[in-house]
Protein chains: 2
Amino acid sequence: MSRSNPRVLSTLERAGGFASAQEVYRLMQREGQKIGLTTVYRSLQSLVNDKIVDVLRRDDGEAIYRLCGETHHHHLVCKSCGETVEIEGGAIEKWALNVAKDHGFREVGHTAEIFGLCSKC
Amino acid sequence: MSRSNPRVLSTLERAGGFASAQEVYRLMQREGQKIGLTTVYRSLQSLVNDKIVDVLRRDDGEAIYRLCGETHHHHLVCKSCGETVEIEGGAIEKWALNVAKDHGFREVGHTAEIFGLCSKC
DNA sequence: TCTGAAATGAAAATGATTTTCATTTCCATG
DNA sequence: CATGGAAATGAAAATCATTTTCATTTCAGA
């Protein structure tokens with residue numbers, strides 16, 4: 001297992017807390033930082049595991065990494081410009097737990113995303 | 001420009017109205033239908049343009065195509081054995097719509113999955 | 001029958017992501 | 001100060017969905 005290279009997190013922060021692995025890599029290259037693409041991917045993956053960043057998907061399928069708070073939440077994402085709003089999901093939590101229990105499932109988790117066109121797009 | 005091959009739509013319907021291009025292609029292969037992967041992609045793309053199907057992204061980035069208008073449902077998936085239960089998601093629909101409206105979003109869609117360990121696992 | 005536009009699909013290209021594996025860096029301990 | 005092994009690193013190759021290219025086939029209409 002590998003741990004996150006701190007310069008990757010730092011770069012993601014500087015990028016506005018929202019960028020793809022390729023973008024983080026290119027940014028670090030431009031800044032003259034010596035780092036391999038592999039390490040960028042591994043670091044971001046590790047940050048996701050540690051719940052320090054979230055991963056979403058752009059319309060073209062490229063993964064974008066985004067700094068997030070620690071409280072569990074969901075996202076409302078504009079499918080055109082990518083603007084993201086964090087959503088509290090209390091209703092969903094209960095729904096997921098109830099549905100799962102009804103079917104005898106344990107160790108329940110869930111994912112939920114809302115997408116659409118934001119007011120600007 | 002090309003038009004959708006009707007067998008592609010028919011196969012997507014038969015797949016439960018929810019499948020990736022690769023899955024549609026494999027299914028048609030297994031059924032002995034002669035068709036190229038390229039045509040499957042083109043047909044699905046065309047169906048998306050015509051708003052006959054929606055396109056979403058799976059967590060791994062693969063695009064999945066879903067018939068529009070079909071009352072859509074969600075899935076409760078066992079993370080050990082893969083058993084899947086289809087769930088009605090009335091509560092989620094409302095939640096997604098309300099949240100999106102609150103933030104001025106239009107053309108709203110959503111994804112939601114619940115996962116856990118089923119009673120057998 | 002002829003003709004051209006649309007459809008088709010095999011193969012190559014693309015682009016993100018992952019894997020492999022040899023090398024380098026760290027660091028605790030002798 | 002060694003030094004030995006674990007963790008980190010990165011270049012290159014592999015993977016995989018998707019798109020593009022391009023030559024061929026189909027088919028409707030003149």
Side-chain angles (χ1 to χ4, degrees), chain A residues 1-12 15-67 77 79-80 82 84 111 113 115, chain B residues 1-12 15-50 52-67 82 111 113:
Chain A
M1 207 56 56
S2 75
R3 218 162 290 167
S4 167
N5 181 317
R7 287 179 294 146
V8 170
L9 177 54
S10 154
T11 304
L12 181 59
F18 195 80
S20 72
Q22 302 280 346
E23 286 163 358
V24 169
Y25 175 67
R26 272 181 243 126
L27 188 48
M28 295 181 79
Q29 294 271 297
R30 264 184 247 121
E31 289 174 349
Q33 297 195 49
K34 261 197 230 159
I35 195 165
L37 182 56
T38 314
T39 301
V40 172
Y41 272 103
R42 272 193 290 237
S43 292
L44 289 171
Q45 196 51 60
S46 163
L47 290 168
V48 169
N49 290 341
D50 296 348
K51 319 247 185 207
I52 295 168
V53 311
D54 267 347
V55 59
L56 304 178
R57 292 274 167 185
R58 274 210 286 251
D59 268 4
D60 65 358
E62 191 170 351
I64 47 184
Y65 300 86
R66 182 174 187 290
L67 285 170
V77 186
K79 42 188 171 183
S80 173
T84 303
T111 62
E113 300 261 332
F115 47 89
Chain B
M1 207 50 59
S2 73
R3 219 163 287 166
S4 167
N5 181 318
R7 289 178 295 144
V8 170
L9 176 54
S10 155
T11 305
L12 181 59
F18 197 78
S20 72
Q22 301 281 344
E23 286 163 356
V24 168
Y25 176 67
R26 271 182 242 124
L27 188 49
M28 295 181 79
Q29 294 271 296
R30 265 186 245 119
E31 290 175 349
Q33 298 194 50
K34 260 198 228 158
I35 195 166
L37 181 56
T38 313
T39 301
V40 172
Y41 272 104
R42 272 193 289 237
S43 292
L44 288 171
Q45 195 52 60
S46 164
L47 290 167
V48 169
N49 290 341
D50 296 347
I52 294 168
V53 312
D54 267 347
V55 58
L56 305 178
R57 291 275 167 186
R58 271 210 289 252
D59 270 3
D60 66 358
E62 192 171 349
I64 48 183
Y65 299 84
R66 178 177 83 181
L67 283 171
T111 62
E113 299 261 335

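For clarity, every value in this text was computed on a predicted model and none was experimentally measured. Below, chains carry the letters A, B, ... as their sequence lines are ordered, and counting in each starts from 1.
With no hydrogens or angles considered, no side-chain donor-acceptor pair links B:Q45 and B:Y65 at under 3.5 Å.
Residue A:R57 places its side chain closer to C:dT17 than to any other of D:dT9, C:dT17, D:dT19. The side chain of B:Y41 lies closest to D:dT18 when the candidates are D:dT18, C:dA16, D:dT21. If you check C:dG9, C:dT17, D:dA17 against the side chain of B:E62, the one that comes closest is D:dA17.
For the side-chain hydrogen bond (donor to acceptor under 3.5 Å, both in side chains) test, residues two or more places apart in sequence or in another chain that qualify with A:E62 are A:S20, A:R58.
Separating the CG atom of A:L9 from the C1' atom of D:dA8 is a distance of 17 Å, rounded to the nearest angstrom. Atom P of nucleotide D:dT19 and atom CG of B:N49 are separated by 11 Å, given to the nearest angstrom. One can place CD1 of A:I64 at 16 Å from C1' of C:dT17, the figure rounded to the nearest angstrom. Rounded to an integer number of Å, the gap from CG of A:D59 to C1' of C:dG15 is 17 Å. In this structure, the CD atom of B:Q45 is 17 Å from the P atom of C:dG9, given to the nearest Å. Atom P of nucleotide C:dT19 and atom CZ of A:R42 are separated by 10 Å, given to the nearest angstrom.
When atom types are taken as modelled, the side chain of A:R57 and the backbone of A:I64 share no donor-acceptor pair closer than 3.5 angstrom. A donor-acceptor pair under 3.5 Å is formed between the side chain of B:S43 and the backbone N or O of B:N5.
At a threshold of 4.0 angstrom between heavy atoms, the contacts of B:N5 are confined to the sugar-phosphate backbone, with no base atom among them.
For the contact set between residues 25-38 of chain B and DNA chain D, defined by any heavy atom under 4.0 Å, the members are B:L37, B:T38.
Rounding to the nearest 0.5 Å places CG of A:L27 at 8.0 Å from CD of A:Q33.
In this structure, B:L44 and B:V53 approach most closely via the heavy-atom pair O-CG2, 4.2 Å.
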